[in-house]
Amino acid sequence: MNRNTFVLGGALALAVLTAVGGYWLGQRGNSAGHAALTGQAAPADSAAKPARKPLFYRNPMGLPDTSPSPKKDPMGMDYIAVYAGEEPEPGASANQIKISTDKVQKLGVRTEAASLRVIDKVVRAVGRIEPDERRVYVVAPKFEGYVERLHVNATGQVVAKGQVLFEAYSPELVSAQREYAIAAQGVLSLGGAPSGARDGMQQLADSSLLRLKNWDISEEQIRALAQSGTATRTLSFRSPVAGIVTEKKALQGMRFMPGEMLYQVSDLSSVWVLADVFEQDLALVKSGAKAKLTINAYPDKAFVGNVTYVYPTLKAETRTVQVRIELANPGQLLKPGMFASVELAVAARANTVTVPVSAVIDSGTRRIVLVQLKEGLYEPREVKLGARSDDYVEVLDGVKTGEVVVVTANFLIDAESNLKAAVGSFGHAAHGAAPAPSASAPVPAASGAVGRVGASPVAHQAVGTVDEVDAKAVTVSVSHGPVASLKWPAMTMEFKLANGALLKGLQPGSVVSFEFVERQAGEWVITSIKPAGKSSAMPPAASASAKPAARAPASAVGAHTGH
């Protein structure tokens, strides 16, 4: 009996302990759940880093302008927050840009020191073969007549100097010959007559002879006429030079008028090459310079000539000036009308400060390079440029020998981008596009702005308002809201359209949703576009003001149009 009572008491005590323990665990679980639902962190989480507070906000374009509170520049871009440790060093320029070391590696920044080099430039141009104008001859009778017989009857026929081209009949010619023959015989018959009569007859003979000479009658034909005293019915016209018949208008039996061109004979033993040199290279080209030519018809041959003349006028349509190059044409390999690739060697400039061509950002009005002051610290600097080779350009002012400049990185903008966008993109890349996503937030797709090599285009979506439509260039300007997948803020950009069919129905003021990709660096192309629904048709400005937008990456700023 006592043993049963002991067992029953132990079981009852175990049940009570289990109930109490379950209640305690349940209360603890409820407290933890409540804390999770209300956003309260566990005691360990309370030690997390507090949010950094910006010291001030700087101009995104690198201008010496700061603000104590968030604001936008005239282009609608957010001022960049500057935190502790990112402020400019004492005495430093306001437009210096500071980038963390890990971000420099991610951006793929490559630098090179400015150095003294020899600027050896070759001016390249396209030219065409033309006959030497001084070796082109025209056969045009100076009297009226008829083509009695053709001896050379085909264009392109090779003729020798003095070779008969055709025979012509002219009543005027026959009359002039008879007049001269009679006068010449009269001079002979009046040998013993008074000097007055003999002199008069001599003047008549001389005037008849001069008339025949003025009609280009050869000395041989005149002597034969004087000896025989008989006028010939036809007159032979001969080639004035050895060459090729490049034009023939004479036909058997045709009538011609004084001065009418019947044959054109060209001497092609020497030819001209008229090369079109761009205006920017004109100052480098001088008369007497050597020129090397290559012809598609003879890829294994190189032709060498000399620049003999730089024409004084410029073609406004192509912004080029013609340069004349003379060269010999042995074997007449060079045919008029052929195209030639021309390389003009210009004088080299030695011991000049140079930087790689890729280091220069050209806005059309200013040229800047990004100088690395130290690791992670860069300064945009305006430069004055001089001579340029294929790979390097002379710096006359702005950079000294030994200073390190940025020559390539994925945030650099190509030469067609404007200067402000280039500097702005450098600043955005420096300070980061947006905070890192939380663990629960979806990771956006790769934007394509970094590491595009070998990657297929990634599509991004946006909603915006159409500002301008250019049907000729197949482009559209859109004021769009923030693009989460690229961490872009709201801005106005110009997009290309994948095809002209996408322009259908687009009008300024239309609210649209669209999908776009980066086809190549800085080139954003819309692949699909349609009217936006009411739920998504929020004006970009409103969305930007409701929540601070993330900064655009360098490639996005490169496409910014500056509206």
Side-chain angles (χ1 to χ4, degrees), residues 72 75-78 410-411 421 425 428-429 432-452 454-470 473-563:
K72 293 181 180 292
M75 291 196 300
M77 299 179 65
D78 294 321
N410 60 9
F411 53 81
S425 67
H428 288 307
S438 63
S440 60
V443 180
S447 66
V450 179
R452 280 184 297 268
S456 57
V458 179
H460 310 280
Q461 291 80 30
V463 178
T465 303
V466 176
D467 291 336
E468 296 180 10
V469 177
D470 190 338
V474 196
T475 60
V476 60
S477 178
V478 181
S479 296
H480 63 77
V483 182
S485 60
L486 289 169
K487 303 189 182 89
W488 284 4
M491 66 175 76
T492 299
M493 292 175 56
E494 185 178 84
F495 295 89
K496 291 186 178 181
L497 296 175
N499 56 71
L502 296 176
L503 289 170
K504 185 177 181 181
L506 289 184
Q507 294 181 354
S510 302
V511 179
V512 294
S513 61
F514 56 97
E515 186 175 280
F516 62 97
V517 299
E518 187 178 20
R519 184 160 58 188
Q520 59 184 9
E523 182 183 30
W524 301 94
V525 181
I526 293 177
T527 56
S528 66
I529 187 167
K530 61 183 178 179
K534 293 183 179 180
S535 60
S536 61
M538 181 175 61
S543 65
S545 61
K547 182 180 179 181
R551 303 183 187 98
S555 57
V557 180
H560 199 291
T561 60
H563 288 288

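We count residues from 1, following the sequence as given.
The nearest pair of heavy atoms linking His480 to Pro489 is CE1-O, 3.8 Å. For Thr475 against Lys496, the heavy-atom pair with the smallest separation is CG2-CG, 4.0 Å. Between Val517 and Ala459, the closest heavy-atom pair is CG1-CA, 3.7 Å. In terms of heavy-atom proximity, Ser477 sits nearest to Thr492 at OG-CG2, 3.7 Å. Nearest heavy-atom pair, Val478 versus Phe514, reported as atom, atom and distance to 0.1 Å: CG1-CE2, 3.8 Å.
If you take CG on Asn499 and CD1 on Ile526, they are separated by 11.5 Å, rounding to the nearest 0.5 Å. For the atom pair Leu506 CG and Glu468 CD, the distance stands at 13.0 Å (nearest 0.5 Å).
By the 4.5 Å heavy-atom criterion applied to side chains, Glu518 and Glu523 are not counted as neighbours. Side-chain contact check for Lys530 versus Ser513: some heavy-atom pair is nearer than 4.5 Å. Counting heavy atoms from C-beta on, the side chains of Leu486 and Trp524 come closer than 4.5 Å. A heavy-atom distance below 4.5 Å is found between the side chains of Phe516 and Val483.
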*Run the side-chain contact (heavy atoms from CB on, under 4.5 Å) check on Met493 and Trp488 step by step: do they pass?*
CA-CA 11 Å; Met493 292 175 56; Trp488 284 4; 3.3 Å; yes
